There are 2 protein chains.
Amino acid sequence: MNTSRKTLTMADVARRAGVSPMTVSRAFKTDSSVSEATRQAILKAADDLGYVFDSTASNLRSQRTDFIAVTIPSINNANFADTVRGLSEGLKPRGLQILLGYTDYDMAEEERLIEQFLRRRPEAIVVTGGRHTPRARRMLENAGIPVIETWDLPDKPIGHVIGFSNAQAVRGMVDHFVAKGLTRIAFIGGDTTRDTRGADRRNGFVAAMQAHGLDASRLIAAGVPPISMREGAEAMARLLETLPDTEAVICVSDLSAFGALTECQRRGVDVPGRLWIAGFGDYEIAEISVPALTTINPFPRDIGARTAALILDVLDGKQDAAAKIAISPELMLRQSTG
Amino acid sequence: MNTSRKTLTMADVARRAGVSPMTVSRAFKTDSSVSEATRQAILKAADDLGYVFDSTASNLRSQRTDFIAVTIPSINNANFADTVRGLSEGLKPRGLQILLGYTDYDMAEEERLIEQFLRRRPEAIVVTGGRHTPRARRMLENAGIPVIETWDLPDKPIGHVIGFSNAQAVRGMVDHFVAKGLTRIAFIGGDTTRDTRGADRRNGFVAAMQAHGLDASRLIAAGVPPISMREGAEAMARLLETLPDTEAVICVSDLSAFGALTECQRRGVDVPGRLWIAGFGDYEIAEISVPALTTINPFPRDIGARTAALILDVLDGKQDAAAKIAISPELMLRQSTG
DNA sequence: TTCTATTTGGGTAACGATACCAAAGTGAAA
DNA sequence: TTTCACTTTGGTATCGTTACCCAAATAGAA
């Protein structure tokens, strides 16, 4: 095919099709005014030559990249993956490309990522959470593009917000347990504030317990966040040894909850007979494990879908004020809690 | 801060720092020849103004984007996520950015994605699997950049290959079961060839069974790939009803294997007492579930890390011939198989 | 002090597409 | 036929950075 390594440009295509480069440019845009006949001739010529449209030139001249920058804490998390899926499905019809990066739950890394991304001139930027380094915050404020914070409801948003209060969601779970007559409730989570949403959940747990006048000190720290199944199992082992009279455990995520459940299975501890276990996130495993896990569904895909819809509205000028969209997480009661 | 919406350029920074734009450009590259004093002054000036480097212009002029395009079947799969992690960690020190897209196990979608990506002029492109539409294959062949196919060992690679034979990996599992004296072995997988690696695994199962002179017809089709926990559970229900004398089941992935296991738990079928179950992928759940699942570890992270290393070598000109790197998946024997 | 390396900084053109403006072509109405 | 409204095509300059080439400054050697 294209054996010569010389770069082909629209000028080459234009020459072959007997038109001007300008017309070639138009032929490659769906909505522009070229007669269908010439467009087909041009696309044919381009195909014959093996021409590949060069976005880098287009980006510079048109000052549009069609990139939407998205940062998530981890690429290996089904919840965030669902948000990205919702986002990308909403953006695809408009030809917007996601520029995805993960911060590894590290705000310094997030700052670096945001800086790298802004250099690439995205049309908008979506970040996870409402907490950032001061410099990251400043960069976002001055970026001159729509900024959407997700998975949280920060007090002082940078721009748009689509999320929920992690603390309040956990409070709902605690309220439910207390209503069922439980008092000795524990929380399993990471041992730092690195995962800020995880820390918010723990804070929500403590606040809710205190609001009920209950002991909020049954906190099992299970290593550096994000904690997963293994850490959940280890934490449960410690819980069973140090606080054997615990009646229920709320875990920072379904993954740690499932790990905790497996530890009970290994030790012959009956769930929910002797101990209740709940998670967070409504991962697939929560629904299918035996027993199925009570959890909280924050509708990750919706977060993504609504973020996409918002971005399109803002880019279309249909939305000028900063939006604040609250998602209502749903308590999913299953067998692991009675 | 930067209230005016007018775009700042290097010329603005140059004026403020009292140097030429050319020197500003040098100050933003780490290895170029500017005195440390002027560099600091320039960076200070840039920071004062709120200048943000414009990659789009840089990309065009330098004909380098520092993008590595990567397509994976699904963003919601821990195996592929691990590969991406290995990749991005290997590429980060060189300032290479991953441009990630997912095909949803659809070759037509992969073709569209590849076309979109090539327009952005990446330095290299990594694809999952060795099967593509003819047009996608042609585009990759003519892209003029390194192409790496992963997670497979195709007969006719486009360029470089880093992967393993899915069929052969499953054959190892069958061999093990047969050596243990089992003969009635079933396979649970998706019901189309949409997931080509999944289809390869099923083919490997059939070939291995036939090689042993055993009945290879115990194939449970469990819906449109990729199948996950729920489909695994449904398939197991069907298997237990239609072929109750089955001694062992190999599942196309650990997720479906775990789903199958939960169905056994719901029905009181003892695993491994009455039935063995094995998966593929060595997901975290395989190690922690009760019983732990026998599986095959294809070292997804290694695939990514070695792909990154290969890309760097090729870009450095240290590697000119097409590499063919075979990963050896490891059989992980756990409690679910005796 | 003179002269040769070496470092540091500047000028100019170009990367390849498209925004903007203008002209030519087309068909219907007058 | 002429005019007008509209569609289709072309010409030119430009987006913001950097490759390339060269000059000035500085350092070190003789």
Side-chain angles (χ1 to χ4, degrees), chain A residues 2 5-43 45-46 49-67 95 116 118-123 144, chain B residues 2 5-43 45-46 49-67 95 116 118-123 144:
Chain A
N2 169 27
R5 274 285 142 266
K6 185 186 133 329
T7 3
L8 290 164
T9 73
M10 281 188 175
D12 299 305
V13 178
R15 213 167 301 123
R16 183 167 233 263
V19 295
S20 76
M22 198 54 240
T23 306
V24 176
S25 172
R26 289 196 183 94
F28 274 91
K29 310 202 68 169
T30 44
D31 57 344
S32 52
S33 56
V34 215
S35 73
E36 201 46 37
T38 35
R39 164 170 282 137
Q40 290 311 324
I42 288 168
L43 294 182
L49 290 171
Y51 168 77
V52 178
F53 183 91
D54 189 337
S55 293
T56 68
S58 173
N59 292 163
L60 175 60
R61 182 57 179 106
S62 66
Q63 299 286 73
R64 299 189 64 238
T65 58
D66 288 341
F67 272 136
Q116 289 304 313
L118 291 180
R119 291 177 164 205
R120 300 219 182 245
R121 297 290 189 266
E123 314 293 337
Chain B
N2 169 28
R5 274 286 143 266
K6 183 188 133 329
T7 0
L8 290 163
T9 72
M10 283 187 174
D12 298 305
V13 178
R15 213 167 301 124
R16 183 168 233 264
V19 295
S20 76
M22 201 51 240
T23 306
V24 176
S25 173
R26 291 196 181 96
F28 274 90
K29 311 203 64 170
T30 45
D31 56 345
S32 51
S33 57
V34 216
S35 73
E36 200 47 36
T38 37
R39 164 169 282 138
Q40 290 310 324
I42 289 168
L43 294 181
L49 291 171
Y51 167 77
V52 178
F53 184 91
D54 189 337
S55 292
T56 68
S58 173
N59 291 163
L60 175 59
R61 181 56 180 109
S62 66
Q63 298 286 76
R64 300 190 62 239
T65 58
D66 289 339
F67 272 136
Q116 288 305 311
L118 290 180
R119 290 176 163 207
R120 300 219 182 245
R121 298 289 189 266
E123 314 293 338

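What you are looking at is a predicted structure, and each value in this text was computed from that prediction instead of being measured. In what follows, chains carry the letters A, B, and so on, assigned in the order in which the sequence lines appear, proteins first and then strands, with residues in each chain numbered from 1.
Straight-line distance from the CG atom of A/Leu60 to the P atom of D/dT18: 12 Å, rounded to whole Å. Across the protein-nucleic acid pair, B/Leu8 atom CG and D/dT17 atom C1' stand 15 Å apart, rounded to whole Å. Taking atom CE of A/Met22 as the reference point, atom P of D/dT9 lies 12 Å away to the nearest angstrom. Atom CE in B/Met10 sits roughly 8 Å away from atom C1' in D/dT18 (whole-Å rounding).
On the nucleic acid side, DNA chain C contacts chain B at distances under 4.0 Å to non-hydrogen atoms, with the end points of that region at C/dT8 to C/dG16.
Of the side-chain N and O atoms in A/Gln63, one or more sit less than 4.0 angstrom from OP1 or OP2 of D/dG16. Within the structure, a side-chain polar atom (N or O) of B/Ser58 is placed less than 4.0 Å from OP1 or OP2 of D/dT18. Taking only side-chain nitrogens and oxygens, B/Tyr51 comes nearer than 4.0 Å to OP1 or OP2 of D/dT17.
Nucleic acid contact class of B/Val24 (heavy atoms, under 4.0 Å, all strands): none. Within 4.0 Å of A/Phe28, counting heavy atoms only, lies no atom of the nucleic acid at all. B/Thr38 comes within 4.0 angstrom of sugar-phosphate atoms only, judged by non-hydrogen atoms across all strands, and of no base.
A heavy-atom distance below 4.5 Å is not found between the side chains of A/Arg120 and A/Asn59. Side chains of B/Val24 and B/Val19 form a contact here, defined as non-hydrogen atoms less than 4.5 Å apart. Inter-residue side-chain proximity for B/Val13 and B/Leu8 is flagged as unmet; no heavy-atom pair is nearer than 4.5 Å.
Minimum interatomic distance between B/Phe28 and B/Met10 (heavy atoms only, all atoms of both residues): CD1-CE, 4.3 Å. Minimum heavy-atom separation, A/Pro21 to A/Ala14: N-CB, 3.5 Å. The nearest pair of heavy atoms linking B/Gln63 to B/Leu60 is OE1-O, 3.0 Å.
Of the candidate nucleotides D/dT14, D/dG10, D/dA19, D/dG10 has the atom lying nearest to any side-chain atom of A/Ser20. In this structure, the nucleotide among D/dA19, D/dT9, D/dC21 sitting nearest to the side chain of B/Arg26 is D/dC21.
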Item to check | Audit row: A/Arg26, A/Ile42, side-chain contact (heavy atoms from CB on, under 4.5 Å) steps and yes/no | outcome: CA-CA 10 Å; A/Arg26 289 196 183 94; A/Ile42 288 168; over 6 Å; no

Item to check | side-chain hydrogen bond (donor to acceptor under 3.5 Å, both in side chains) between A/Ser20 and A/Thr23, worked out | outcome: CA-CA 5 Å; A/Ser20 76; A/Thr23 306; 3.2 Å; yes

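In this structure, B/Asp66 CG and B/Glu123 CD are separated by 5.5 Å, a value rounded to the nearest 0.5 Å.
Mapping A/Thr56 and A/Lys29 onto DNA chain C by nearest heavy atom places A/Thr56 closer to the 5' end of the strand.
In the helix from C/dT1-D/dA30 to C/dA30-D/dT1, the rotation axis of the first five pairs and that of the last five pairs differ in direction by 30°, rounded to 10 degrees.
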